Amino acid sequence: MWTIKQELNQLKDRFLASDKPADKKDRALFEQVKEETSPLFTLIQEWYDEAEQYVKMNPGSKVFPIQLENTKDNFELLVLHSYYIDVPKKRFMELYNSVHYVLDQLLDNFK
């Protein structure tokens with residue numbers, strides 16, 4: 001879980017430190033994003049699969065399956081937005097905080 005939170009924080013740092021790409025349709029940019037984000041999308045899917053299994057096995061969990069699905073979707077959006085810088089900072093931070101909240105809720109369940 002720590003690794004996924006680190007990745008989330010790196011996405012925020014990337015978003016805040018980067019400028020919008022000159023051409024979002026640039027093939028080289030697409031290939032770079034695809035190469036750099038592929039392991040992260042795999043990590044997100046692995047996290048989702050493990051979290052979903054945990055929630056199913058622990059009915060008293062503070063996190064519901066729909067929250068996991070939404071968190072996975074939001075996390076994937078953050079990945080793309082951090083490269084393409086195509087949403088306002090406020091929206092990015094809302095997604096970021098939402099993902100952080102669910103990750104923290106899962107961590108609280110382990111305590």
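The analysis underlying the following values was restricted to heavy atoms, covering all of them including side chains, and did not include hydrogens, waters or symmetry mates. As the structure is a computational prediction, the values presented were derived from the model and not from experiment.
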Problem set entry | Interatomic distance, S98 atom OG to M93 atom CE [nearest 0.5 angstrom] | 12.0 Å
For this session: Identify the two heavy atoms, one from V55 and one from L68, that lie closest to each other, and give their separation to 0.1 Å.
Result: CG2-CD1, 3.6 Å
Exercise. Do Y96 and N74 meet the criterion of a side-chain donor-acceptor pair at a distance under 3.5 Å?
Worked result: no
Exercise. So how far is it from K62 NZ to L107 CG, rounded to the nearest 0.5 Å?
Worked result: 10.5 Å
Exercise. If you take all heavy atoms of N9 and H100, which pair is closest and at what distance?
Worked result: OD1-NE2, 3.1 Å
Seminar exercise, completed: For N58, the side chain to side chain donor-acceptor pair (under 3.5 Å) test, sequence neighbours excluded, returns none
Problem set entry | Closest heavy-atom pair and its distance - I44, I4 | CA-CD1, 4.2 Å
Exercise. Near K89 NZ, under 6.0 Å, is it more than 12 heavy atoms from other residues, nucleotides or ligands?
Worked result: no
Exercise. In terms of heavy-atom contacts, does NZ of K34 have more than 12 from other residues, nucleotides or ligands at under 6.0 Å?
Worked result: no
Problem set entry | R14/E36 ion pair, N-O < 4.0 Å | yes
For this session: For the pair S38 (side chain) and E35 (backbone), establish whether a donor and an acceptor sit closer than 3.5 Å, ignoring hydrogens and angles.
Result: no
Problem set entry | Student check: side-chain heavy atoms of E7 and V79 closer than 4.5 Å | no
Exercise. Rounded to the nearest 0.5 Å, how far apart are CD of Q67 and CD of E69?
Worked result: 11.0 Å
Exercise. Taking everything shown except Y101 itself, do over 12 heavy atoms lie less than 6.0 Å from its OH?
Worked result: no
For this session: Please list, chain by chain and in numerical order, all residues satisfying ring-ring contact (aromatic ring centres under 6.0 Å, His included) with F92, sequence neighbours excluded.
Result: F15
Exercise. Atom CZ of F75 and atom CG of L80: how far apart are they, to the nearest 0.5 Å?
Worked result: 12.0 Å
Exercise. Would you say D19 and I85 make side-chain contact, with heavy atoms under 4.5 Å?
Worked result: no
Problem set entry | CZ-CD distance between F64 and Q105, expressed to the nearest 0.5 angstrom | 10.0 Å
For this session: Would you name the heavy atoms of K24 and L29 that are closest together and state the gap between them?
Result: CA-CD2, 4.4 Å
Exercise. To the nearest 0.5 Å, what is the distance between CG (L11) and CD (Q6)?
Worked result: 12.0 Å
For this session: Mind checking side chain to side chain donor-acceptor pair (under 3.5 Å) for K72 and listing every partner two or more places apart, or none if nothing turns up?
Result: Q45, E76
Problem set entry | Pairwise side-chain contact, T71 with Y48, heavy-atom cut-off 4.5 Å (strictly under) | no
